[in-house]
Amino acid sequence: MNVLAADFYARPVLEVARDLIGCIVEHGSAAGVIVETEAYHEREPACHAFIGPTSRTRTLFGPPGRAYVYRSYGIHALLNAVCEPEGVGAAVLIRALQPITGLEAMRARRPAVNSPVARTHADEHLCSGPGKLTQALGVSLAENGSDLSAGALRIVPPSRAWQEPRLLEGPRIGISRAVELPWRFCVAGNRHVSRPWPR
DNA sequence: CATGGGATTGACT
DNA sequence: GTCAATCCCATGC
């Protein structure tokens with residue numbers, strides 16, 4: 001199986017954030033194309049690694065090509081790919097996927113109680129957010145530190161059919177510091193991104 | 001040991 | 001548009 005090796009991730013995090021667009025995240029029978037990413041680096045204060053190595057951020061300073069999964073708002077697991085050489089704290093947050101396979105498994109893991117199912121189960125709502133896609137794929141904190149090139153959770157290169165998209169870039173979502181950095185990337189016009197592009 | 005703040009989401013006004 | 005849910009962990013006393 002074709003996977004991205006550690007040297008792919010051991011590069012400047014902004015390059016990896018762009019290059020991960022179009023790559024495929026697989027977990028079990030479920031998979032989707034990455035259509036939205038954000039870059040984080042220890043030198044800017046929005047990055048968890050800004051404070052240095054702690055029990056929470058240890059994974060970020062570890063070898064590139066591992067998963068950094070952490071709990072957000074006490075509820076959601078957010079998936080990142082650790083980047084830059086070992087010792088540098090940096091990662092790419094995977095913010096949205098276009099589902100390819102295992103859509104029924106995704107729907108089974110997404111909430112449907114007490115809500116119109118269409119709201120959470122339509123294709124374009126299954127993985128259109130960093131907390132949604134981990135839920136849809138069944139990724140949990142247990143995957144923190146796992147090798148993204150070997151194991152149940154993998155990232156593989158784009159399929160042959162994937163056409164190089166036009167990329168939009170802009171400010172990252174949901175942060176309060178370093179808000180000015182245009183380190184968010186997404187596929188122009190794609191319906192599966194977490195938010196419409198700001199004008 | 002107590003506190004406060006999130007790289008979010010979905011329900012509701 | 002507003003708001004609660006919920007938990008890990010960094011920080012400060």
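Computed over heavy atoms, backbone and side chain alike; hydrogens, waters and symmetry mates excluded. Note on naming: letters A, B, ... go to the chains in the order of the sequence lines (proteins, then strands), and numbering restarts at 1 for each one.
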Determine, using the 4.5 Å side-chain heavy-atom cutoff (strictly less than), whether [X] and [Y] are members of one ILVMFWY cluster.
{"X": "V69(A)", "Y": "Y73(A)", "result": "no"}
{"X": "L79(A)", "Y": "Y40(A)", "result": "no"}
{"X": "V139(A)", "Y": "V82(A)", "result": "no"}
{"X": "V16(A)", "Y": "V25(A)", "result": "yes"}

According to the Watson-Crick and G-U wobble definition with distances under 3.5 Å, which dot-bracket string, read 5' to 3', encodes DNA chain C, using [ ] for crossing pairs and | for pairs with another strand? |||||.||||||.
T120(A) near the nucleic acid: base, sugar-phosphate alone, or nothing, with a heavy-atom cut-off under 4.0 Å? sugar-phosphate
Calculate the interatomic distance between [X] atom [atom1] and [N] atom [atom2]; express it in whole Å.
{"X": "E36(A)", "N": "dA7(B)", "atom1": "CD", "atom2": "P", "value": "16 Å"}
{"X": "I94(A)", "N": "dT8(B)", "atom1": "CD1", "atom2": "P", "value": "14 Å"}
{"X": "L93(A)", "N": "dG6(B)", "atom1": "CG", "atom2": "C1'", "value": "14 Å"}
{"X": "N144(A)", "N": "dC8(C)", "atom1": "CG", "atom2": "P", "value": "13 Å"}
{"X": "Y70(A)", "N": "dC7(C)", "atom1": "OH", "atom2": "P", "value": "17 Å"}
{"X": "R177(A)", "N": "dG5(B)", "atom1": "CZ", "atom2": "P", "value": "12 Å"}
{"X": "R110(A)", "N": "dT8(B)", "atom1": "CZ", "atom2": "C1'", "value": "11 Å"}
{"X": "Y68(A)", "N": "dG6(B)", "atom1": "OH", "atom2": "C1'", "value": "11 Å"}

With a distance cut-off below 6.0 Å to the six-membered ring centre and an angular limit of 45° from the axis, does R11(A) pair with Y9(A) as a cation-pi contact? no
Between dA5(C) and Y73(A), counting only base atoms on the nucleotide and side-chain atoms on the residue, is there a donor-acceptor pair under 3.5 Å? no
Could you tell me whether H48(A) and Y70(A) have their ring centroids closer than 6.0 angstrom? yes
Do the side chain of R71(A) and the main chain of I75(A) share a donor and acceptor less than 3.5 angstrom apart? yes
Is a donor on one side and an acceptor on the other found under 3.5 Å between the side chain of T120(A) and the backbone of R110(A)? no
Any idea which of dG10(B), dA7(B), dC8(C) is nearest the K132(A) side chain? dG10(B)
Is it the case that R95(A) and S194(A) place a side-chain donor and acceptor less than 3.5 Å from each other? yes
Could you grab the distance from atom SG of C23(A) to atom CZ of F8(A), nearest 0.5 Å is fine? 4.5 Å
Pairs under 3.5 Å (N/O, protein and nucleotides 9-11 of chain C):
from: dA10(C); atom 1: OP1; to: T54(A); atom 2: OG1; distance (Å): 2.7
from: dA10(C); atom 1: OP1; to: R56(A); atom 2: N; distance (Å): 3.0
from: dA10(C); atom 1: OP2; to: S55(A); atom 2: OG; distance (Å): 3.2

E36(A) and side chain to side chain contact (heavy atoms under 4.5 Å, CB included): which partner among L20(A), V193(A), N190(A), V187(A)?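 By the side chain to side chain contact (heavy atoms under 4.5 Å, CB included) criterion, E36(A) pairs with just one of L20(A), V193(A), N190(A), V187(A): V193(A).
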D123(A) pairs by side chain to side chain donor-acceptor pair (under 3.5 Å) with which of R107(A), Q98(A), R191(A)? R107(A)
Both Q135(A) and S176(A) contact DNA chain B. Taking the nearest nucleotide for each, which residue is further toward the 5' end?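 Here S176(A) is the residue nearer the 5' end.
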Strand contacts (DNA chain B) in residues 74-82 of chain A, 4.0 angstrom heavy-atom criterion: G74(A), H76(A), L78(A), N80(A)
